[in-house]
Amino acid sequence: MQTLQFTAPPLPHYITSGLHTNKVGQIHPGRRNINVFDLLLVKKGTLFMEEEQETFEVRENHALILLPDRYHSGTKPGLIDTEYYWLHFQTEGMWTTIHTNHHLQSVKEEQPKPPHSAFLTRTFHLYVPQFTAMDQPQKAFDLIDQLTSLNEGLNMHQIRWQQQVLFQELLQRISASMQIQTTNTSRQCAELAAAYLRRHYQEEITAAQLGENTNFHPVYIARCMHRQFGCSPMEYLQRYRIDQSKLLLLQTDYSIARVAEEVGFNQGAYFTSCFTKFEGISPSKYRQRFR
DNA sequence: ATTACGTCTTAATAGCCAAG
DNA sequence: CTTGGCTATTAAGACGTAAT
């Protein structure tokens with residue numbers, strides 16, 4: 001399964017939506033680089049879709065998000081009339097895809113970076129499954145119905161705002177449908193380990209230590225965290241360290257080496273390379289630019 | 001401070017197995 | 001069918017060092 005990770009702020013925003021019916025035998029048209037995310041939510045029937053070699057059978061109550069930079073098309077005609085919602089949205093922020101399948105390695109495709117407006121911004125991530133069964137489909141249908149009907153309203157600035165709120169709720173619902181798929185205990189294990197990492201990020205941490213302190217086997221922890229967060233424990237730790245370092249860069253005058261040390265890096269040079277890898281810009285440039 | 005690169009160490013993961 | 005552990009393999013990471 002693939003998960004979309006959005007970095008927020010900025011939040012993804014709603015553009016437009018509608019309800020469409022494909023007659024029996026009708027195939028979804030193929031399109032490339034549509035430049036928006038296209039959410040499909042099937043109300044009745046099944047859509048047979050394909051996106052760059054990956055095929056999806058989007059049945060009733062299932063949601064699929066087509067990505068802006070890929071080619072997609074229908075693979076075969078529907079057996080009955082197929083009724084589905086479509087919704088276009090977009091983000092100004094960064095986003096990546098994460099493969100959470102068993103044997104697929106995690107592949108990141110960094111999107112071109114928009115100007116980072118960070119000034120002590122606390123960023124966070126939204127995780128949204130690309131393809132999922134909706135938990136309470138009727139609620140999602142209602143939301144899109146509302147969104148769509150608002151488009152016909154008059155008081156546009158009011159309405160646009162309201163639409164964004166509704167859209168956020170919809171996104172949340174789609175995201176929540178994913179969390180049900182990971183079971184309780186494995187989530188707990190992942191959260192426990194993550195909490196430990198966040199508490200001790202300033203120290204040197206090994207996988208074995210993490211295991212001892214959480215009373216789980218390191219291998220098992222890695223599996224749970226991958227399910228829950230779509231990344232390995234060490235990658236999680238690094239992300240957190242980099243996040244903390246960003247705060248120090250903006251709030252203090254510590255040298256780069258000092259910052260590196262504060263967030264748990266033993267080597268200044270190594271810190272710089274990691275920071276650049278994640279942020280696409282070196283620590284000192286980051287500091288220069290954002291304060 | 002940053003980048004580049006070689007070396008050594010570690011973690012991730014597949015693929016087992018056992019127990020509930 | 002899920003939890004949880006163990007091991008071998010291998011890919012990735014961390015570090016030392018030096019040049020820019």
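When each of C/dT3, C/dG16, B/dA1 is scored by its nearest atom to the side-chain atoms of A/Arg227, the top-ranked nucleotide is C/dT3. Comparing B/dA1, C/dC15, B/dT3 against the side chain of A/Thr276 picks out B/dT3 as the nearest. Of the candidates B/dA11, B/dT2, B/dA1, the closest approach to any side-chain atom of A/Ser255 belongs to B/dA1. Here the side chain of A/Ile256 is nearest to one of C/dT17, B/dA1, B/dA12, namely B/dA1. Closest contact between the side chain of A/Lys277 and the listed nucleotides C/dG16, B/dA11, C/dG13 involves C/dG13. Between B/dA12, B/dT13, C/dG16, one nucleotide has an atom nearer to the side chain of A/Ser232 than all others, and that is B/dA12.
Judged purely by atom type and a 3.5 angstrom limit, A/Glu50 has no side-chain atom pairing as donor or acceptor with the backbone of A/Ser73. Between the A/His226 side chain and the A/Cys224 main chain, no donor and acceptor come within less than 3.5 Å of each other.
For the residue pair A/Thr272 and A/Ser282, no side-chain donor N or O sits within less than 3.5 Å of a side-chain acceptor on the partner. A donor and an acceptor atom, one from each side chain of A/Gln209 and A/Glu203, are nowhere located under 3.5 Å apart. A side-chain N or O of A/Arg160 and one of A/Gln163 form a donor-acceptor pair less than 3.5 Å apart.
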Ring pair (Phe, Tyr, Trp, His ring centres under 6.0 Å) between A/Phe6 and A/Phe37, intermediate numbers included: CA-CA 12 Å; A/Phe6 295 96; A/Phe37 291 88; 5.4 Å; yes
Does A/Asp142 form a side chain to side chain donor-acceptor pair (under 3.5 Å) with A/Gln138? I'd like the steps, not just the answer.
CA-CA 6 Å; A/Asp142 291 347; A/Gln138 192 52 50; 3.1 Å; yes
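Per the geometry, CD1 belonging to A/Ile242 stands 13 Å off P belonging to C/dG13, to the nearest Å. The nearest whole Å value for the distance from the CD1 atom in A/Ile221 to the P atom in B/dA12 is 10 Å. Rounding to whole angstrom units, CE of residue A/Met234 and C1' of B/dT13 are separated by 15 Å. Between A/Gln209 atom CD and B/dT10 atom P the separation is 12 Å, expressed in whole Å. Taking atom NZ of residue A/Lys285 and atom C1' of nucleotide B/dT3, one finds them 11 Å apart after rounding to whole Å. When rounded to the nearest whole Å, the span between CD of A/Gln238 and P of B/dA11 equals 13 Å. Atom CE of A/Met225 is separated from atom P of C/dG4 by 16 Å (rounded to the nearest Å). Per the geometry, CD1 belonging to A/Ile281 stands 16 Å off P belonging to B/dA1, to the nearest Å.
The residue A/Ser273 sits apart from the nucleic acid: no heavy atom pair falls under 4.0 Å. Nucleic acid contact for A/Ala208: none, since no nucleic acid atom lies under 4.0 Å from a heavy atom of the residue. Within the nucleic acid shown, A/Glu204 has no heavy atom closer than 4.0 Å to any nucleic acid atom. At the heavy-atom level, A/Ala269 lies under 4.0 Å from base atoms of the strands shown. Within the 4.0 angstrom heavy-atom criterion, only backbone atoms of the sugar-phosphate kind lie near A/Pro233; the bases stay farther away.
Interatomic distance, CD of A/Glu261 versus OH of A/Tyr254, reported as 11.0 Å (0.5 Å rounding). Summarising the geometry, atom CD1 belonging to A/Ile80 is positioned 10.0 Å from atom CD belonging to A/Glu83; distances are rounded to the nearest 0.5 Å.
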Might you list the N or O atoms of the protein lying below 3.5 Å from N or O atoms in nucleotides 5-12 of chain C, with each pair's distance?
{"residue": "C/dG5", "atom": "OP2", "partner": "A/His217", "partner atom": "N", "Å": "2.9"}
{"residue": "C/dG5", "atom": "N7", "partner": "A/Arg223", "partner atom": "NH2", "Å": "3.2"}
{"residue": "C/dG5", "atom": "O6", "partner": "A/Arg223", "partner atom": "NH2", "Å": "2.9"}
{"residue": "C/dC6", "atom": "OP2", "partner": "A/His217", "partner atom": "ND1", "Å": "3.1"}

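Aromatic pair A/Phe167/A/His13: ring centres not closer than 6.0 Å.
Where the helix from B/dA1-C/dT20 to B/dG20-C/dC1 starts and where it ends, the local axes point in directions that differ by 40°; five pairs per end, rounded to 10°.
Distances shown here put a side-chain N or O of A/Ser282 below 4.0 Å from the OP1 or OP2 atom of B/dT2.
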